[in-house]
Amino acid sequence: MTDLHGRRALVTGGASGIGAACARELASAGARVTVADVDRASAEALAAEIGGEAWHVDLSDLRALADARIDVDILVNNAGVQHVSPIEDFAPERFSFILRLMLEAPFLLIRAALPGMYDRGFGRVINVSSVHGLRASAYKAAYVAAKHGLEGLSKVTALEGGPRGVTSNCIDPGYVRTPLVEKQIADQARVHGIPEEEVLATVMLTESAIKRLVEPSEVASLALWLAGDSAGMVTGASYTIDGGWSAR
């Protein structure tokens, strides 16, 4: 079993969905977890539940991160949003917002965490990417672009950090049972012109061999392993949890 006693972790978007599952899993292994989220009340409630700390932060406000130094052993970049729209109708500011939140903020957080990780000779950067970091889908220009960028950032971090005890990896789930995915069902129904009850079967899960949503706990279990000592030789990798989607 992975033992994280004495380790400090930061999970962004940690108040719900995949982030909350990761925060609980890391805390259950002994880590002291900081739950970072724009939703202050939910972050504080989860931090109290797991004996951690809350950080109320809007990660799209890059000025708050530009000069930060984050003293953690494990960084889980998870915060994200989705927007479904044809490119010709995609609002430029929404595109910019998604890239700030899901690519520039992870860069700044990694930048802020690496000095301390290097000093201790140990670090784990875990980037919650997506199968959309490896494959594209229509109507998701910003999300796909951000996740593809995160994959590249993770690999560069792996190359720079490896000689100094820091690993960096991506987790690439398919559709996960989270509020983010539940909101997409209505958006997908709108852009495809189909009823909401048809979205899972005809849009979201068409490429998957296993026809169900991923559970947040399944993503968290992989994050826990990547955070531990037994994954010390695992870096620069992208682990899919997509029911066979990317096997095509």
Exercise. Does a donor on one side chain and an acceptor on the other come within less than 3.5 Å for Ser154 and Ser168?
Worked result: yes
For this session: For residues Val191 and Val84, report the shortest heavy-atom separation together with the two atoms involved.
Result: CG2-CG1, 3.7 Å
For this session: Salt-bridge test for Arg124 and Asp73: reply yes if a basic N is under 4.0 Å from a carboxylate O, no otherwise.
Result: no
For this session: Mark yes when over 12 heavy atoms from residues, nucleotides or ligands other than Arg111 sit less than 6.0 Å from its CZ; otherwise mark no.
Result: no
For this session: For residues His5 and Asp3, report the shortest heavy-atom separation together with the two atoms involved.
Result: ND1-OD1, 2.6 Å
Problem set entry | Path from Tyr118 to Val125 over hydrophobic side-chain contacts below 4.5 Å | yes
Exercise. Does the ring centre of His83 sit less than 6.0 Å away from the ring centre of Tyr139?
Worked result: no
For this session: Just do the side chain to side chain contact (heavy atoms under 4.5 Å, CB included) check on Trp225 and Tyr239 with the steps written out, would you?
Result: CA-CA 12 Å; Trp225 178 71; Tyr239 281 83; 3.8 Å; yes
Problem set entry | Gap separating the OG atom of Ser85 from the NZ atom of Lys140, nearest 0.5 angstrom | 12.5 Å
Exercise. If you measure from CG on Asp187 to CD on Glu196, what distance do you get to the nearest 0.5 Å?
Worked result: 9.0 Å
Exercise. Would Glu151 and Lys147 count as a salt bridge (charged side-chain N to carboxylate O under 4.0 Å, His left out) if you check the C-alpha gap in whole Å, the side-chain angles of each, and the deciding distance to 0.1 Å?
Worked result: CA-CA 6 Å; Glu151 297 278 338; Lys147 292 302 190 183; over 6 Å; no
Exercise. So if you build clusters from Ile, Leu, Val, Met, Phe, Trp, Tyr with side-chain heavy-atom gaps below 4.5 Å, do Val35 and Leu65 land together?
Worked result: no
For this session: Identify whether Leu101 and Val38 are in the same connected component of the hydrophobic contact network (ILVMFWY, side-chain heavy atoms under 4.5 Å).
Result: no
For this session: List the steps and the verdict of side chain to side chain contact (heavy atoms under 4.5 Å, CB included) for Val76 and Ile18.
Result: CA-CA 10 Å; Val76 181; Ile18 294 172; over 6 Å; no
Problem set entry | Close side-chain approach of Val181 to Met204, heavy-atom, < 4.5 Å | yes
Problem set entry | Ile126 CD1 to Cys22 SG distance, which is reported to the nearest 0.5 Å | 7.5 Å
For this session: Establish whether Ile241 and Leu134 are linked, either directly or via other cluster members, by ILVMFWY side-chain heavy-atom contacts under 4.5 Å.
Result: no
Problem set entry | Within 6.0 Å of CG in Leu62, more than 12 heavy atoms from elsewhere | yes
For this session: May I ask you to check if Arg212 and Tyr175 form a cation-pi contact, with NZ or CZ under 6.0 angstrom from the six-membered ring centre and within 45° of the axis?
Result: no
For this session: Find the distance between SG (Cys170) and CG (Leu222) and round it off to the nearest 0.5 Å.
Result: 11.0 Å
For this session: Check whether the side chains of Ser246 and Asp242 place a donor and an acceptor atom closer than 3.5 Å, and report yes or no.
Result: yes
Exercise. Given side chains that start at C-beta, do those of Val131 and Pro173 come closer than 4.5 Å, heavy atoms only?
Worked result: no
Exercise. Okay, side chain of His56, backbone of Ala36: is any donor-acceptor separation there less than 3.5 Å?
Worked result: no
Exercise. Could you go step by step and tell me if Arg24 and Glu49 meet the salt bridge (charged side-chain N to carboxylate O under 4.0 Å, His left out) rule?
Worked result: CA-CA 9 Å; Arg24 290 187 175 100; Glu49 173 194 325; 2.7 Å; yes
Seminar exercise, completed: One should read off an interatomic distance between Leu26 CG and Thr34 OG1, to the nearest 0.5 angstrom, of 11.5 Å
For this session: Indicate whether the side chain of Ser129 and that of Asn127 have a donor and an acceptor atom separated by less than 3.5 Å.
Result: no
Exercise. How about Ser217 and Glu25: does a side-chain donor come under 3.5 Å of a side-chain acceptor?
Worked result: no
Exercise. Is it true that Leu114 and Val11 fall in one hydrophobic cluster, defined by side-chain heavy atoms closer than 4.5 Å?
Worked result: no
Exercise. Going through the checks in order, is the salt bridge (charged side-chain N to carboxylate O under 4.0 Å, His left out) test met by Arg7 and Asp229?
Worked result: CA-CA 11 Å; Arg7 302 294 191 195; Asp229 291 336; 3.7 Å; yes
For this session: Take atom CG of Asp67 as the centre, draw a 6.0 Å sphere, and report whether it contains more than 12 heavy atoms from other residues, nucleotides or ligands.
Result: no
Problem set entry | Thr167 side chain vs Thr235 backbone, donor-acceptor pair below 3.5 Å | no
Problem set entry | Test side chain to side chain contact (heavy atoms under 4.5 Å, CB included) applied to Leu109 and Leu75, step by step | CA-CA 8 Å; Leu109 291 169; Leu75 170 62; 4.0 Å; yes
Exercise. Could you walk me through whether Arg32 and Glu53 pass the side chain to side chain contact (heavy atoms under 4.5 Å, CB included) check?
Worked result: CA-CA 8 Å; Arg32 176 77 175 179; Glu53 301 171 357; 3.4 Å; yes
Exercise. Within a reach of under 6.0 Å around CD1 of Ile87, are more than 12 heavy atoms found that belong to other residues, nucleotides or ligands?
Worked result: no
Exercise. Roughly how far apart are Ser137 OG and Gln188 CD, rounded to 0.5 Å?
Worked result: 7.5 Å
